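We're numbering straight along the sequence, starting at 1. This structure is a prediction, so every number in the text was calculated from the model and none was measured. Below, each value reflects all heavy atoms present in this structure, side chains not excepted, and no hydrogens, waters or symmetry copies.
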Amino acid sequence: MATVSPRPGKKRDIDRIIIEKVKRGDYSPLQPDHYHNFYEVFYLLSGECRFLLKDSVYQLKKGDLVFIAPQELHHSLYYPNSSCDIIMLYFKKEFVHLEMFNDCLPKAPADQLHSFMGSIPALYMEEFHILLGKMLSESSGIDEYSNAFLRCHLQEALLLLMRHSVLSEKEPDLLNSRDADILQATKYIYKNFQKSLTLEEVSAVASLSPTYFSRKFKQTTGMGFKEYLNYVRLKHARAALLTTDNTITDIALEYGFNDSNYFKDIFKKVYGKSPREFRKHPD
């Protein structure tokens with residue numbers, strides 16, 4: 001049976017389409033990993049929560065949906081004494097025929113769907129729920145046809161999101177002003193990750209003391225400042241390994257890692273391969 005490994009340093013992969021209905025709240029344990037090698041759909045059936053996607057934090061409510069592409073930073077956070085019902089859907093690109101979306105998303109490459117956030121229109125919510133119900137039923141392995149039906153339903157779900165313009169819907173509201181300082185900090189990191197950023201510098205951007213900033217950043221995003229900064233740097237370094245002939249040392253220096261050995265160690269911890277191995281065998 002496929003598993004989604006929640007710990008750093010372990011292989012994070014799936015071998016089939018996975019869908020599950022879960023209940024989460026402030027009682028749920030924080031997961032240290034916030035990105036993986038497959039697509040994820042996070043659909044909020046009830047309740048309200050916060051959601052970090054790349055460099056922004058959003059407030060989600062019933063009917064909101066987050067589509068997360070591979071290697072994109074994301075994390076859900078829950079309000080005190082709250083409870084949310086959520087549908088979680090995981091799949092790899094080889095489980096769907098992405099080329100059929102070219103006409104629907106002409107600006108998107110055929111081999112990759114981008115991350116997005118949107119809301120299911122109330123008029124079509126029942127239709128979407130019925131489709132998710134079919135997928136949940138087939139995920140239990142009714143018979144030898146279940147995996148094939150899951151793939152068909154997944155394709156239908158993605159097309160439904162496009163037909164009803166979920167991809168172009170107005171994004172859910174950004175977090176309220178009490179967290180605007182942290183949002184400002186994450187955007188600053190995204191724009192300046194190649195520089196030698198320090199906790200003191202970024203906390204000053206947020207107009208907070210380093211100590212309070214560290215605590216609030218972790219509370220708001222689910223990640224520590226250094227962990228978030230390394231993630232952003234690694235994402236860009238990973239792309240450079242596949243798209244340039246630059247040496248590993250040059251890539252490490254270009255994307256903010258002053259020590260190439262440290263870059264190699266943390267890259268292997270996150271991706272399970274050394275930069276050299278990854279460049280030769282990225283899959």
For the residue pair [X] and [Y], what are the closest heavy atoms and their distance?
X	Y	value
Cys84	Leu44	CB-CD1, 3.8 Å
Gln219	Arg50	O-NH2, 4.2 Å
Leu136	Lys21	CD2-N, 3.9 Å
His74	Ile68	ND1-CG2, 3.4 Å
Ser146	Gly141	OG-C, 3.6 Å
Glu201	Ser196	OE1-O, 4.0 Å

Which value, rounded to the nearest 0.5 Å, describes the distance between [X] atom [atom1] and [Y] atom [atom2]?
X	Y	atom1	atom2	value
Leu131	Leu159	CG	CG	10.0 Å
Thr186	Leu53	OG1	CG	11.0 Å
Glu48	Tyr79	CD	OH	6.5 Å
Arg233	Phe193	CZ	CZ	8.5 Å
Lys61	Cys49	NZ	SG	13.0 Å
Glu227	Leu73	CD	CG	8.5 Å

Student check: side-chain heavy atoms of [X] and [Y] closer than 4.5 Å:
X	Y	result
Phe91	Val96	yes
Met88	Ile19	no
Ile86	Lys23	no
Ile87	Val41	no
His281	Lys273	yes
Phe42	Leu65	no
Ser137	Ile142	yes
Phe267	Pro275	yes

Hydrophobic cluster identity match, [X] and [Y], side-chain contacts under 4.5 Å:
X	Y	value
Leu242	Ile251	yes
Leu89	Tyr124	no
Leu253	Leu241	no
Leu154	Ile130	no

Exercise for the section: Indicate whether the side chain of Glu40 and that of His36 have a donor and an acceptor atom separated by less than 3.5 Å. Expected result: yes
Exercise for the section: Could you tell me whether the side chains of Ser214 and Tyr212 share a donor-acceptor contact shorter than 3.5 Å? Expected result: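 No, no side-chain donor-acceptor contact under 3.5 Å.
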Practice task
Begin with the C-alpha distance, continue with both residues' side-chain angles, and end with the deciding distance and a verdict on side-chain contact (heavy atoms from CB on, under 4.5 Å) for Phe217 and Tyr228.
Solution key: CA-CA 10 Å; Phe217 191 93; Tyr228 184 90; 3.8 Å; yes
Is the gap between the ring centers of [X] and [Y] under 6.0 Å?
X	Y	answer
Phe263	Tyr255	no
His129	Tyr43	yes
Tyr145	Phe149	no
Phe51	Tyr58	no

Handout entry: Lys235 with Glu72: basic N within carboxylate O range, under 4.0 Å
Key = yes
Practice task
Could you tell me whether Lys216 and Asp181 make a salt bridge, using a distance below 4.0 angstrom between a side-chain N and a carboxylate O?
Solution key: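 So Lys216 pairs with Asp181 through a salt bridge.
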Are the side chain of [X] and the backbone of [Y] linked by a donor-acceptor contact shorter than 3.5 Å?
X	Y	result
Asp259	Tyr262	yes
Ser260	Ala252	no
Ser46	Asp85	yes
Lys134	His153	no
Asp250	Asn246	no

Surrounding [atom1] of [X] (heavy atoms of other residues, nucleotides or ligands, distance under 6.0 Å), is the total greater than 12?
X	atom1	result
Lys62	NZ	no
Asp143	CG	yes
Glu200	CD	yes

Handout entry: Stepwise side chain to side chain donor-acceptor pair (under 3.5 Å) test for Ser76 and Tyr78
Key = CA-CA 7 Å; Ser76 54; Tyr78 302 92; 3.0 Å; yes
Practice task
Specify whether Phe67 and Phe116 have parallel, tilted or perpendicular ring planes, treating 30° as the upper limit for parallel and 60° as the lower limit for perpendicular.
Solution key: parallel
Handout entry: Candidate pair Ile248 and Arg276, rule side-chain contact (heavy atoms from CB on, under 4.5 Å), full reasoning
Key = CA-CA 7 Å; Ile248 292 172; Arg276 188 180 304 278; 3.8 Å; yes
Exercise for the section: Walk me through it: do Phe213 and Phe225 pass the test side-chain contact (heavy atoms from CB on, under 4.5 Å)? Expected result: CA-CA 9 Å; Phe213 171 79; Phe225 162 72; 4.2 Å; yes
Handout entry: Derivation and outcome, side-chain contact (heavy atoms from CB on, under 4.5 Å), residues Leu234 and Ile266
Key = CA-CA 9 Å; Leu234 281 174; Ile266 192 171; 4.1 Å; yes
